[in-house]
Amino acid sequence: MTHSSWAPDRASSYERLEFLGDSVLELAIAGELYGRYHDFSEGRLAKVRSHVVSRASCAVVARELGLDELLVERGEGVAKDDLERLRSNRNVVAALLEAALAALYLEHGFEKIEQPIVDAFADRIEYAVTSHVDHKTELQEALARIGRQVSYVVLDVEGPPHDRRFTCAAVIDDEQAGVGTGRSKKAAEQEAAREALSKLDAEAA
């Protein structure tokens, strides 16, 4: 919990632990995603992991665990305003979490802390999988790697203006690769892209 601003030197702060904890966190989350989502491509797994271990995500978990409170408690002799500034800094709080994970790893080993890490990040994983992943971007990037392109067409629009249902298709090389429906054109395109990605992954398998 020793911030560099009140450490005798930078090596005495939590920054070295932060460096190690970053890798501990990535390994725990990567292992969980790999074992849980068997139908995810390498690209999608990487995108989800990137979101889960991001600074924003780590800061959320750190505050849920009360690490920001611990920072204030441990900052004896530091001006209250400085402590509050550090406490409200997302990067500082995220770094605290990574440092804590490294300390736990050094004390207990990876096997004992792997599942507790996954449990602490369970909501972040769920959010990344269900809300954050952009299927259209993922499909576009996957196709770009093999020199192909995708376009989207509206197949149908149903319902009154206040309750529309769109049906869209993802078209790859003049062939319909996926179809999706949604309350907006954007949502329908995302569903179409998701279906096209599944087929693309199946072809590559």
Side-chain angles (χ1 to χ4, degrees), residues 1-135 137-138 141 190 194:
M1 296 295 157
T2 303
H3 189 264
S4 59
S5 64
W6 69 71
D9 55 75
R10 294 193 78 94
S12 299
S13 73
Y14 58 65
E15 289 180 354
R16 281 173 52 82
L17 283 172
E18 175 193 353
F19 162 78
L20 177 59
D22 177 65
S23 296
V24 173
L25 173 60
E26 284 214 0
L27 180 57
I29 298 303
E32 175 67 10
L33 296 178
Y34 181 83
R36 188 191 299 187
Y37 300 107
H38 301 283
D39 59 334
F40 281 18
S41 65
E42 182 271 342
R44 187 174 182 191
L45 287 171
K47 284 181 183 294
V48 173
R49 181 191 61 188
S50 178
H51 176 76
V52 174
V53 304
S54 69
R55 286 293 193 188
S57 183
C58 285
V60 169
V61 175
R63 290 196 167 98
E64 289 174 348
L65 296 173
L67 296 185
D68 55 331
E69 300 283 352
L70 282 176
L71 176 69
V72 173
E73 290 176 14
R74 301 297 173 85
E76 294 183 13
V78 181
K80 186 176 180 180
D81 287 349
D82 290 338
L83 281 174
E84 285 301 322
R85 177 178 53 80
L86 291 172
R87 179 185 182 181
S88 63
N89 187 305
R90 183 186 74 179
N91 290 339
V92 168
V93 179
L96 277 179
L97 176 70
E98 292 175 344
L101 294 182
L104 289 168
Y105 164 73
L106 292 171
E107 182 72 19
H108 301 289
F110 186 71
E111 284 189 9
K112 287 188 177 180
I113 68 170
E114 181 179 11
Q115 191 57 49
I117 291 174
V118 171
D119 292 343
F121 278 82
D123 288 346
R124 310 312 304 165
I125 293 173
E126 183 67 19
Y127 173 80
V129 170
T130 60
S131 306
H132 182 74
V133 176
D134 184 345
H135 300 296
T137 298
E138 188 177 345
E141 291 175 350
Q190 283 285 350
R194 184 185 64 77

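When a residue number appears, it is its place in the shown sequence, counting from 1. Just the heavy atoms: all of them, side chains too, but no hydrogens, waters or symmetry mates, feed the values below.
- Contact annotation: the side chain of His135 approaches that of Arg44 to within less than 4.5 Å [non-hydrogen atoms, C-beta and beyond].
- With a 4.5 Å cut-off on side-chain heavy atoms, Asp81 and Arg85 do not count as touching.
- Between the Ser57 side chain and the Val53 main chain, no donor and acceptor come within less than 3.5 Å of each other.
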Point to revise | Check against salt bridge (Lys or Arg N to Asp or Glu O under 4.0 Å), Glu64 and Arg124 | key: CA-CA 12 Å; Glu64 289 174 348; Arg124 310 312 304 165; 5.9 Å; no
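- Counting only heavy atoms from C-beta outward, the side chains of Ile125 and Leu33 approach each other to under 4.5 Å.
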Exercise for review: Start with the C-alpha distance between Leu104 and Ile117, add both sets of side-chain angles, then the distance that settles side-chain contact (heavy atoms from CB on, under 4.5 Å), and finish with yes or no.
Suggested key: CA-CA 10 Å; Leu104 289 168; Ile117 291 174; over 6 Å; no
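- Nearest heavy-atom pair across Ser41 and Glu138 is OG-OE2, 3.3 Å.
- Scanning all heavy atoms of the two residues, the minimum distance from Tyr37 to Leu45 falls at O-CD2, 4.4 Å.
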Practice item. Please step through side-chain contact (heavy atoms from CB on, under 4.5 Å) for the pair Val24 and Ile113, ending with a clear verdict. Key: CA-CA 9 Å; Val24 173; Ile113 68 170; 3.9 Å; yes
Review point. Which is it for Glu98 and Arg55 under the salt bridge (Lys or Arg N to Asp or Glu O under 4.0 Å) test, yes or no, and what are the steps along the way?
Key: CA-CA 10 Å; Glu98 292 175 344; Arg55 286 293 193 188; 3.6 Å; yes
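- Of all heavy-atom pairs spanning Ala103 and Leu17, the tightest one is N-CD2, 4.1 Å.
- By the neighbour-count criterion of 12 heavy atoms within 6.0 Å, atom CG of Asn91 is densely surrounded, having more than that number from other residues, nucleotides or ligands.
- Between atom CD of residue Glu32 and atom CZ of residue Arg49 there is a gap of 14.0 Å, rounded to the nearest 0.5 Å.
- For the residue pair Ala28 and Val118, the shortest heavy atom distance occurs at O-CG2, 3.8 Å.
- Ring-plane geometry between His51 and Tyr127 is classed as tilted, the angle between the planes lying from 30 to 60 degrees on a 0 to 90 degree scale.
- Among all heavy-atom pairs drawn from Tyr105 and Phe110, the shortest one is CD1-N, 3.8 Å.
- Put simply, CG on Leu101 and CD on Glu26 are 12.0 Å apart, with the number rounded to the nearest 0.5 Å.
- The closest side-chain heavy-atom distance from Leu70 to Leu96 is not below 4.5 Å.
- Atom CG of Leu27 and atom CG of Asp22 lie 11.5 Å apart (nearest 0.5 Å).
- Contact record, Val93 with Ala59: CG1-O, 4.0 Å, taken as the closest heavy-atom pair.
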